[in-house]
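In this chain, numbering begins with 1 at the start of the sequence shown.
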Amino acid sequence: MDRVAYQKNSDKYLLLSAIVILSFSEGLKQIFFGLPIVHIGNLICIFLFARALMKNGISRLFQSDVKPFAIWVIAFLMIGSIGTLVFKADILMYLWGIRTYFRMFLLLFDIVLILEREDVDRIYNAIDYVIAIHFILTLIQFFGFGIRWDYLNGIFGTAVGDSSSLHAFLLIDSCLVFYRFFCKSIGTKELVFHFVWMAMNAAMSEIRSWFYEIIALTVIYLIFSFEFKRVAKIFPVLLAVYLSLIVIMSFLYPYTSGFLGVSGFHNIISESHKPDGSSGIGRKQQITAMTGPILEYANGKVEGAGIIPLITGLGLGTADYATIPFLNSFFFNTYENTGYSSFLLSFLYIETGIIGLVVFNAMWVYLLWIGFKDMKQREPRVLLLILCSFAMSVTAFYNQTLRTNYGYIMWVFLGTVVIIYNKDT
């Protein structure tokens with residue numbers, strides 16, 4: 001093996017190790033007695049990104065497969081810098097805010113720059129083994145230790161926030177099952193198996209939103225594939241599993257009874273998600289509820305600021321926090337009681353304003369647009385792009401997963417989908 005090939009393979013193996021570390025960092029942290037192993041994964045990503053640029057030049061970021069994301073990241077970071085200048089944000093918090101998002105962007109770039117199509121296949125095949133390990137651990141936690149609710153997260157750990165990773169994992173496998181089913185790389189038995197484990201896990205861990213999301217993903221699949229007859233053969237089984245697990249979930253958690261329907265959906269998007277369980281804003285209020293605090297904070301910094309902070313935001317890092325108290329922002333210490341820290345859209349609105357909120361989420365709209373534009377081709381890669389775009393959109397609305405340690409797994413998924421879409425042409 002020549003030197004170039006050796007370096008290429010070593011970079012791949014190093015990145016794959018970082019993917020494992022980052023995707024399961026919270027579970028690994030508990031195993032290693034609280035050691036923040038996630039930082040090792042981040043350092044690997046920084047090293048690999050720098051090496052990729054030295055090898056291929058900055059121009060590589062503006063080739064067709066990476067260019068939309070490079071422009072997107074640059075635009076988002078520039079927007080996040082406006083409020084920093086206008087409202088005189090703390091430079092340390094600004095750098096911390098850049099770090100919060102840039103570590104996710106780096107992982108995405110590394111995957112697209114370094115991995116190849118066959119590597120993605122290996123990752124997707126490995127997911128089946130991860131599922132087996134995860135679900136065995138979930139059963140042990142449930143029956144052996146009596147763990148319930150948001151703490152029941154299998155391979156992702158047993159802390160209250162770990163359910164964010166589990167929710168992401170359920171979305172990812174839901175997308176991949178439909179993609180692989182459409183490719184005919186799995187059959188009806190495998191699809192039913194995946195559906196059963198996901199429905200069981202969602203019910204046991206009380207992730208009600210998945211029962212709505214799987215319906216939406218199924219509809220997307222049917223509209224795209226027109227495989228009504230193929231799905232109809234197993235639909236009675238899927239429906240029986242679906243309804244049975246809803247009943248079991250309502251038995252385990254009586255307050256979830258009747259969650260399907262308009263009122264149940266309204267409860268899901270309205271309920272508070274503060275970590276301490278006290279009152280706070282819900283999903284539907286994660287933007288509107290922060291207008292008052294933004295204006296109050298901005299007027300304390302710049303008199304007569306008007307609506308400018310709502311448009312530009314207060315600057316990256318302004319609303320951020322950390323496990324180290326001195327890195328908690330003044331905004332966080334003042335308004336944390338609202339519960340905004342549970343939601344990505346709240347952070348985007350506070351720190352980057354309406355402009356940043358739109359720009360950040362425009363990527364999912366852009367990817368959906370590309371998918372819909374190519375729908376006539378009926379290619380598996382197009383289906384996967386559409387499903388992934390939906391999953392990213394849902395996750396962005398659901399909570400703050402995409403900016404936390406729990407969200408690395410979603411950025412890994414996005415990176416692999418980008419490779420598939422660009423390589424399977």
Q: I would like to know whether E190 and R180 meet salt bridge (charged side-chain N to carboxylate O under 4.0 Å, His left out); could you show each step before the answer?
A: CA-CA 10 Å; E190 290 87 350; R180 296 164 75 185; over 6 Å; no
Q: Could you tell me whether a side-chain N or O of D65 sits under 3.5 Å from a main-chain N or O of N422, the two making a donor and an acceptor?
A: no
Q) With distance as the sole criterion, is a donor-acceptor pair present between the side chains of N405 and R103 under 3.5 Å? A) yes
Q) Strictly under 6.0 Å, is that where the ring centroids of F347 and F332 end up? A) no
Q. Of all residues at least two apart in sequence or in a different chain, which pass the side-chain hydrogen bond (donor to acceptor under 3.5 Å, both in side chains) check with D121?
A. R117
Q: Indicate yes or no for a side-chain donor-acceptor contact from Y212 to the backbone of G261 under 3.5 Å, with no hydrogens or angles considered.
A: yes
Q: Keeping the roles fixed (side chain from R283, backbone from Y398), state whether a donor-acceptor pair exists under 3.5 Å.
A: yes
Q.
Would you say Y124 and T416 are linked by a side-chain donor-acceptor pair, where the criterion is simply a distance under 3.5 Å?
A. yes
Q | Min side-chain heavy-atom separation I248-M200 under 4.5 Å | A | no
Q: With side-chain hydrogen bond (donor to acceptor under 3.5 Å, both in side chains) as the test, would you mind laying out the steps for S329 and D320 before giving the verdict?
A: CA-CA 6 Å; S329 65; D320 220 331; over 6 Å; no
Q: Decide whether Y340 and Q285 meet the rule of one side-chain donor and one side-chain acceptor closer than 3.5 Å.
A: no
Can you give each donor-acceptor pair under 3.5 Å made by side-chain atoms of residues 357-369, sequence neighbours left out, with the distance rounded to 0.1 Å?
from	atom 1	to	atom 2	distance (Å)
N361	OD1	W364	NE1	3.3
N361	ND2	L357	O	2.9

Q: Might you point out which heavy atoms bring A289 and I281 nearest each other, and give the distance in Å?
A: CB-CG2, 3.5 Å
(Q) Could you measure the distance from the CZ atom of F390 to the CG atom of L171? Nearest 0.5 Å is fine. (A) 7.5 Å
Q.
Determine whether a donor-acceptor pair (N or O, by modelled atom type, separation under 3.5 Å) exists between the side chain of S205 and the backbone of L152.
A. yes
Q | F228, CZ atom: more than 12 neighbouring heavy atoms under 6.0 Å | A | yes
Q | SG on C388 to CZ on F413, rounded to 0.5 Å | A | 4.5 Å
**Q.** Polar side chain donor-acceptor pair, Y321 to E336, under 3.5 angstrom
**A.** no
Q.
So which atom in I155 and which in I133 form the shortest heavy-atom distance, rounded to 0.1 Å?
A. CD1-CG2, 4.2 Å
Q.
For a quick check under 3.5 Å, do R403 and Q400 share a side-chain donor-acceptor pair by atom type?
A. yes
Q.
Looking only at the aromatic ring of each residue, does the gap between the centers of F182 and F224 stay below 6.0 angstrom?
A. yes
**Q.** Atom pair CZ (R208) and CD1 (I268), whose distance is rounded to the nearest 0.5 Å
**A.** 5.0 Å
Q) Can you find a side-chain donor-acceptor pair between Y94 and S81 that sits under 3.5 Å? A) yes
Q. Looking at P309 and L314, what are the two nearest heavy atoms and their distance?
A. CB-CD2, 3.8 Å
Q) Roughly how far, to the nearest 0.5 Å, is CD1 of I386 from CZ of F178? A) 13.5 Å
Q | H167 side, atom NE2; T401 side, atom OG1 - distance, nearest 0.5 Å | A | 7.5 Å
Q. Between S185 and Y179, does any side-chain donor sit less than 3.5 Å from a side-chain acceptor?
A. no
Q | D90 vs W96, side-chain hydrogen bond (donor to acceptor under 3.5 Å, both in side chains): CA-CA, chis, key distance, verdict | A | CA-CA 10 Å; D90 184 286; W96 187 253; over 6 Å; no
Q) Between the side chain of S346 and the main-chain N/O of Q286, is any donor-acceptor distance below 3.5 Å? A) yes
Q | Main-chain N/O of E116 paired to D119 side chain as donor or acceptor, under 3.5 Å | A | yes
Q. Is there a side-chain contact between F69 and F105 (heavy atoms, below 4.5 Å)?
A. no
Q. Using the ring of each side chain (for Trp, its six-membered ring), is F195 parallel, tilted or perpendicular to W210, with breaks at 30° and 60°?
A. tilted
Q) How are the rings of H134 and F156 set relative to one another: parallel (under 30°), tilted (30 to 60°) or perpendicular (over 60°)? A) tilted
Q: Answer yes if the side chains of N267 and Y255 hold a donor-acceptor pair under 3.5 Å, and no otherwise.
A: no
Q: Check step by step if side chain to side chain contact (heavy atoms under 4.5 Å, CB included) holds for M104 and L402.
A: CA-CA 8 Å; M104 306 299 178; L402 293 181; over 6 Å; no
Q: Go through the steps for S341 and Y335 under the test side-chain hydrogen bond (donor to acceptor under 3.5 Å, both in side chains), then give the verdict.
A: CA-CA 9 Å; S341 59; Y335 301 106; over 6 Å; no
Q: Could you verify whether a donor N or O on one side chain and an acceptor N or O on the other, from T158 and Q141, lie under 3.5 Å apart?
A: no
(Q) I'd like to know if the side chain of Y221 pairs up with that of E227 as donor and acceptor (distance under 3.5 Å, no hydrogens or angles considered). (A) yes
(Q) Let me confirm one number: the CZ-NZ distance from F265 to K284, rounded to the nearest 0.5 Å. (A) 11.0 Å
